[in-house]
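Residue numbers start at 1 and run along the sequence shown. Owing to the predicted nature of the structure, the values given are computational and were not obtained by experimental measurement. Because only heavy atoms are used, hydrogens play no part in the values below, and waters and symmetry mates are left out as well, while side chains stay in.
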Amino acid sequence: MINLTVWNEDGCAQNEEVAKVYPDGINAYLAEMFGAESDMNVTKACLDDPECGLPDEVLENTDVLIWWGHCKHERVPDELVAKIHDRVLRGMGLIVLHSGHYSKIFKSLMGTTCSLSWRDGDRERLWNIAPNHQITQGIGDNIVLDVEEMYGERFDIPEPDETIFLGWFSGGEVFRSGCCWNRGLGKVFYFQPGHESNPTYKNKDIQTVLKNAVRWAAPYSIRKEPIDAPHVPVSPEEEYAKSKA
C-alpha cells in the first residue's frame, strides 16, 4: 500500500465559484479519487488543521505527499517546510499541483523563485512528449482542456531531470507543464493544470496522470535518519589487503 497524504491550503468549498465545481472542495474530491485505488491509503490534510494537518506522526508515515496551494503559502510554518524538505531528501515523493509552484516547499527544493506568467481562463493542449514514461502511461498524444488558467514561460525552475508534458495555450504561450526531479532519495513531480474553479481534476486523462504520478513517486523505502556523508577510515583495497593478511 502507498500511504498518500493529500494536502490543500483549505477545502475551497467556502468559495461559491469553486463549490459549483467541487461541492466538498478539491481536497475531498482528490482524496475520494485516490481512495478508490486498491493500492492507496489516503489521508486528507489542510492548512487550518492542527499542525497544518501534518504532525510528525502523519508526515513520517507518508510515502507520497500531494500539495495544492494557492494564496496562503506564507502561512505554512518554516519549521514544517524544513521537515517536509528533509523527508523528501530521505525518500518521500512529492507531487506539487498548479499554483503550488509558489509554495515554500517547492521553492525550497528548487532553489529558485519558481515565478511564471499567467492569466485567467484559456484553452490548453497538453502535449505528451515522453510516451514511455511511467507517468504518461494510458495517455495519448495530448490532453485538451477547454478551460484552464494560462501559465506561461519563463518558468523560473532548475532544468528538470525529465520534462514529460508541454502545455500550449490558445494565446500562443507554451509552458513546461509536467516536470520531474530527483531530490536526495525522493522524487518530485510538478503538474500545472488544476485551477480551483475549473473542472480539470474531473478529466479522466488528468486523473490517470495523477494516479500514475503517485505510483512513480512512491519510494521503495525511506531512510529514518537524514542523509549524511560518513567518514570511511580505509579504502576497499586496504580492507581487502587486511582480509588476506
Side-chain angles (χ1 to χ4, degrees), residues 1-9 11 25-47 49-69 76-77 79-98 100-101 103-110 130 133-139 160-162 164-165 178-194 201 206-228:
M1 293 291 289
I2 300 170
N3 290 324
L4 173 66
T5 299
V6 182
W7 190 94
N8 195 310
E9 67 179 32
I26 290 176
N27 221 31
Y29 186 86
L30 290 177
E32 182 178 358
M33 179 193 77
F34 288 119
E37 299 300 298
S38 61
D39 59 344
M40 297 182 193
N41 179 39
V42 181
T43 298
K44 290 189 294 182
C46 291
L47 179 64
D49 291 339
E51 299 184 67
C52 299
L54 295 172
D56 290 348
E57 59 268 25
V58 172
L59 186 59
E60 288 299 313
N61 284 288
T62 296
D63 298 319
V64 179
L65 175 62
I66 291 189
W67 193 276
W68 193 102
V76 178
E79 180 183 2
L80 176 58
V81 175
K83 289 181 179 181
I84 299 170
H85 189 127
D86 171 69
R87 186 153 175 84
V88 170
L89 296 185
R90 291 189 282 121
M92 183 183 74
L94 176 67
I95 298 172
V96 177
L97 301 178
H98 193 56
H101 71 92
S103 64
K104 286 183 177 180
I105 182 56
F106 189 62
K107 291 195 286 187
S108 173
L109 288 163
M110 296 297 107
H133 198 280
Q134 183 178 348
I135 295 178
T136 63
Q137 294 310 294
I139 303 300
D161 294 329
E162 298 171 298
I164 62 175
F165 287 106
C179 301
C180 303
W181 294 267
N182 290 287
R183 287 294 182 266
L185 302 178
K187 295 179 180 179
V188 178
F189 178 54
Y190 172 74
F191 194 44
Q192 162 263 317
Y201 296 127
I206 297 297
Q207 293 181 6
T208 296
V209 169
L210 294 177
K211 293 171 187 176
N212 288 349
V214 169
R215 296 181 177 110
W216 168 83
Y220 291 105
S221 64
I222 299 178
R223 289 176 61 123
K224 294 186 180 299
E225 301 297 330
I227 295 176
D228 199 358

Could you tell me which non-hydrogen atom of [X] sits nearest to which non-hydrogen atom of [Y], and how far apart they are?
X    : Y    : value
A45  : N27  : O-ND2, 3.1 Å
T136 : A130 : OG1-O, 2.6 Å
D161 : N182 : OD2-N, 2.6 Å
I164 : C180 : CD1-SG, 4.2 Å
L97  : Y190 : C-CE1, 4.3 Å
E162 : H133 : OE1-NE2, 3.0 Å

Would you give the length of the straight line joining atom [atom1] of [X] to atom [atom2] of [Y], rounded to the nearest 0.5 angstrom?
X    : Y    : atom1 : atom2 : value
L4   : I95  : CG    : CD1   : 7.0 Å
K107 : I105 : NZ    : CD1   : 12.0 Å
F189 : N212 : CZ    : CG    : 9.5 Å
H85  : M92  : NE2   : CE    : 10.5 Å
M40  : M1   : CE    : CE    : 9.0 Å

Output yes when a side-chain donor or acceptor of [X] lies under 3.5 Å from a complementary backbone atom of [Y], and no otherwise.
X    : Y    : result
K44  : A31  : no
S103 : F106 : yes
Q134 : A213 : no

Would you tabulate the side-chain donor-acceptor contacts of residues 51-65 under 3.5 Å, counting partners in other chains and residues two or more places apart, or write 'none'?
from, atom 1, to, atom 2, distance (Å)
D56, OD1, K83, NZ, 2.9
E60, OE1, R87, NH1, 3.2
E60, OE1, R90, NH2, 3.4
E60, OE2, R90, NH2, 2.8
N61, ND2, E57, O, 2.7
T62, OG1, T5, OG1, 2.8
T62, OG1, V58, O, 2.8
D63, OD2, N3, N, 2.8

Task: L210 and M33: CA distance, side-chain angles, deciding distance, side chain to side chain contact (heavy atoms under 4.5 Å, CB included) verdict - done: CA-CA 10 Å; L210 294 177; M33 179 193 77; 4.2 Å; yes

Open item on the list: Between I135 and F191, does the side chain to side chain contact (heavy atoms under 4.5 Å, CB included) criterion hold? Intermediate values first, please.
Closed with: CA-CA 11 Å; I135 295 178; F191 194 44; over 6 Å; no

TODO: Flag the pair L109 / W181 as yes when at least one side-chain heavy-atom distance between them is below 4.5 Å, and no otherwise.
DONE: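 L109 does not reach W181 side chain to side chain.
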
TODO: Check whether any side-chain heavy atom of W67 lies under 4.5 Å from a side-chain heavy atom of I84, and answer yes or no.
DONE: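 A side-chain contact under 4.5 Å exists here.
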
Open item on the list: For a side chain to side chain contact (heavy atoms under 4.5 Å, CB included) check, start with the C-alpha distance between F34 and I2, then their side-chain angles and the critical distance, and finish with the verdict.
Closed with: CA-CA 10 Å; F34 288 119; I2 300 170; over 6 Å; no

- [ ] With sequence neighbours left out, write down each residue that passes ring-ring contact (aromatic ring centres under 6.0 Å, His included) with Y29, or none if nothing qualifies.
- [x]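 Checked Y29 against ring-ring contact (aromatic ring centres under 6.0 Å, His included); matches are Y22.
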
Between side-chain atoms of residues 215-227 and protein atoms elsewhere (two or more places apart, or another chain), which donor-acceptor pairs fall under 3.5 Å?
from, atom 1, to, atom 2, distance (Å)
R215, NE, D39, OD2, 2.8
R215, NH2, E37, OE1, 2.8
R215, NH2, D39, OD1, 3.0

